[in-house]
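To keep things clear, I will list the structure first and then write my remarks on it.
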Amino acid sequence: MHASIENLLNDQIKVEATASMHYLAMASWADAEGFSGVANFFYAQSEEEREHMLKLVKFVNERGGKVVVPALDQPTDKFTSLKALFEKFLDSEVFVTKQINTIIDTCLEQKDYNTNNFMQWYVTEQLEEEATARTLLDKLNIIGDNNSGYYLFDRDIESFIQPQE
Ligand code: OFO
């Protein structure tokens, strides 16, 4: 595996691990605020991101590369509102998509079609996750500042939890 690809995949391991920890902090905030549906959604998202990280760790090892298990910064656990929480979720997913696109650009430059093929799974996944984040944020924008709206949002969000693979 080309060193530039190995480095980018290691960066991506860190990006996925960071997302997992951010979503865990978001789940915990929602749990403490009494939004149990939102908490369950982010606990599941955190698990998913860990799976994404693991998939990369295994791929780099299979291809004979060297995995660097990253040190992570402490995620923020202070949010001013549900809307702020979901804005952060969308920003995080948009950032992940950008990173994935950079890896794919480099794979094509280096003619690493194998890694390119592997990364296509992430492209599809990101499409879904960004769409989910946008849909949920749209709902919160419609709700505005309304407690009964929050109650229904918290109840209905459970239907957005993807079954674990
Ligand atoms: Fe949605 O972040 Fe992983 O890929």
Side-chain angles (χ1 to χ4, degrees), residues 1-31 38-80 82-138 157-165:
M1 168 181 290
H2 193 277
S4 62
I5 306 270
E6 183 181 87
N7 289 339
L8 282 171
L9 292 179
N10 271 306
D11 290 348
Q12 192 62 24
I13 286 170
K14 184 169 183 176
V15 166
E16 304 287 349
T18 300
S20 177
M21 287 299 116
H22 276 110
Y23 296 161
L24 184 58
M26 289 155 84
S28 180
W29 176 86
D31 220 350
V38 173
N40 286 341
F41 175 81
F42 280 111
Y43 283 130
Q45 277 305 126
S46 174
E47 267 319 296
E48 267 204 37
E49 300 303 348
R50 189 185 136 73
E51 286 294 319
H52 298 173
M53 176 200 68
L54 267 181
K55 221 173 150 69
L56 281 155
V57 167
K58 290 179 182 171
F59 179 77
V60 173
N61 277 319
E62 261 168 30
R63 291 280 311 271
K66 167 97 183 83
V67 168
V68 181
V69 175
L72 304 177
D73 294 333
Q74 185 173 21
T76 181
D77 57 1
K78 290 178 187 55
F79 303 95
T80 49
L82 274 185
K83 193 175 164 206
L85 194 75
F86 280 87
E87 278 167 352
K88 181 148 179 65
F89 177 42
L90 179 58
D91 286 352
S92 164
E93 291 303 328
V94 167
F95 173 72
V96 172
T97 302
K98 213 174 112 228
Q99 298 302 109
I100 287 168
N101 289 342
T102 303
I103 298 175
I104 290 172
D105 285 345
T106 311
C107 286
L108 295 176
E109 267 163 42
Q110 299 294 335
K111 301 194 186 331
D112 184 344
Y113 301 118
N114 194 327
T115 304
N116 174 52
N117 189 37
F118 168 76
M119 289 308 297
Q120 293 307 313
W121 181 88
Y122 287 83
V123 172
T124 309
E125 184 69 16
Q126 280 314 111
L127 194 68
E128 266 175 41
E129 292 193 334
E130 274 195 39
T132 299
R134 286 204 170 85
T135 303
L136 291 170
L137 203 48
D138 284 349
I157 195 173
E158 304 261 4
S159 66
F160 283 84
I161 299 175
Q162 286 182 14
Q164 294 294 314
E165 283 170 21

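A cation-pi contact, defined as under 6.0 Å to the ring centre and within 45° of the axis, is absent between Lys78 and Trp29.
Among Asn114, Asn116, Thr106, the single residue meeting the side chain to side chain contact (heavy atoms under 4.5 Å, CB included) criterion with Ile5 is Thr106.
Within the model, atoms CG of Leu137 and CG of Leu90 stand 6.0 Å from one another, a figure rounded to the nearest 0.5 Å. Taken to the nearest 0.5 Å, the CG atom of Leu9 stands 12.5 Å off from the NE2 atom of His2. Distance CD/Glu49 to CG/Leu54: 12.0 Å, rounded to 0.5 Å. Atom-to-atom distance recorded for Glu51:CD and Glu16:CD is 11.0 Å, nearest 0.5 angstrom. To the nearest 0.5 Å, the span separating CZ on Phe118 from CG on Leu56 amounts to 4.5 Å. Separating the CD atom in Glu125 from the OG1 atom in Thr97 is a distance of 10.0 Å, to the nearest 0.5 Å.
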Checklist entry - Going through the distances and angles, do Ser92 and His22 end up as a side-chain contact (heavy atoms from CB on, under 4.5 Å)? => result CA-CA 9 Å; Ser92 164; His22 276 110; 5.8 Å; no

Next on the checklist: One pair to check against side-chain contact (heavy atoms from CB on, under 4.5 Å): Asp91 and Lys88. What are the steps and the verdict?
Outcome noted: CA-CA 5 Å; Asp91 286 352; Lys88 181 148 179 65; 5.6 Å; no

Item to check | Check against side-chain contact (heavy atoms from CB on, under 4.5 Å), Glu48 and Glu129 | outcome: CA-CA 11 Å; Glu48 267 204 37; Glu129 292 193 334; 2.9 Å; yes

Item to check | Check against side-chain contact (heavy atoms from CB on, under 4.5 Å), Ile161 and Glu158 | outcome: CA-CA 6 Å; Ile161 299 175; Glu158 304 261 4; 3.7 Å; yes

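Screening residues 105-120 for salt bridge (charged side-chain N to carboxylate O under 4.0 Å, His left out), with sequence neighbours left out, gives Arg63-Asp112.
The pair Glu87-Lys83 meets the salt-bridge criterion, with a side-chain N (NZ, NE, NH1 or NH2) lying under 4.0 Å from an Asp/Glu carboxylate O. A salt bridge links Arg134 with Glu130: the distance from a Lys NZ or Arg NE/NH1/NH2 to an Asp or Glu carboxylate oxygen falls below 4.0 Å.
For the residue pair Ala30 and Val38, the shortest heavy atom distance occurs at CB-CG1, 3.7 Å. Looking at every heavy atom in both residues, Phe79 comes nearest to Ala25 through CE1-O, 4.4 Å. Taking all atoms of both residues into account, the shortest heavy-atom contact from Val57 to Val67 is O-CG2, 3.6 Å.
Remark: the Glu93 side chain and the Gln126 side chain contain an N/O donor-acceptor pair separated by less than 3.5 Å. A side-chain donor-acceptor contact under 3.5 Å links Ser46 and Ser20. Checking Asp11 against Gln99 by side-chain atom types alone, no donor-acceptor pair falls below 3.5 Å. Donor-acceptor pairing under 3.5 Å is lacking for the side chains of Glu6 and Asn10.
The shortest side-chain heavy-atom distance between Phe41 and Phe86 falls under the 4.5 Å cut-off. Under the 4.5 Å side-chain criterion, counting only non-hydrogen atoms from C-beta, Asp73 is not in contact with Met21. Taking the side chain as every heavy atom from C-beta outward, Ile13 and Val68 never approach each other to under 4.5 Å. You'll find the side chain of Leu24 stays beyond 4.5 Å of the side chain of Pro75, heavy atoms only.
For the pair Tyr122 (side chain) and Asn101 (backbone), a donor-acceptor distance under 3.5 Å is absent. Panel note: side chain Thr18, backbone Lys14; a donor-acceptor pair is recorded below 3.5 Å.
Under the salt bridge (charged side-chain N to carboxylate O under 4.0 Å, His left out) criterion, Lys98 pairs with no residue, sequence neighbours left out.
The aromatic rings of Tyr23 and Phe89 lie perpendicular to each other, with more than 60° between the two planes, well past the 30° mark.
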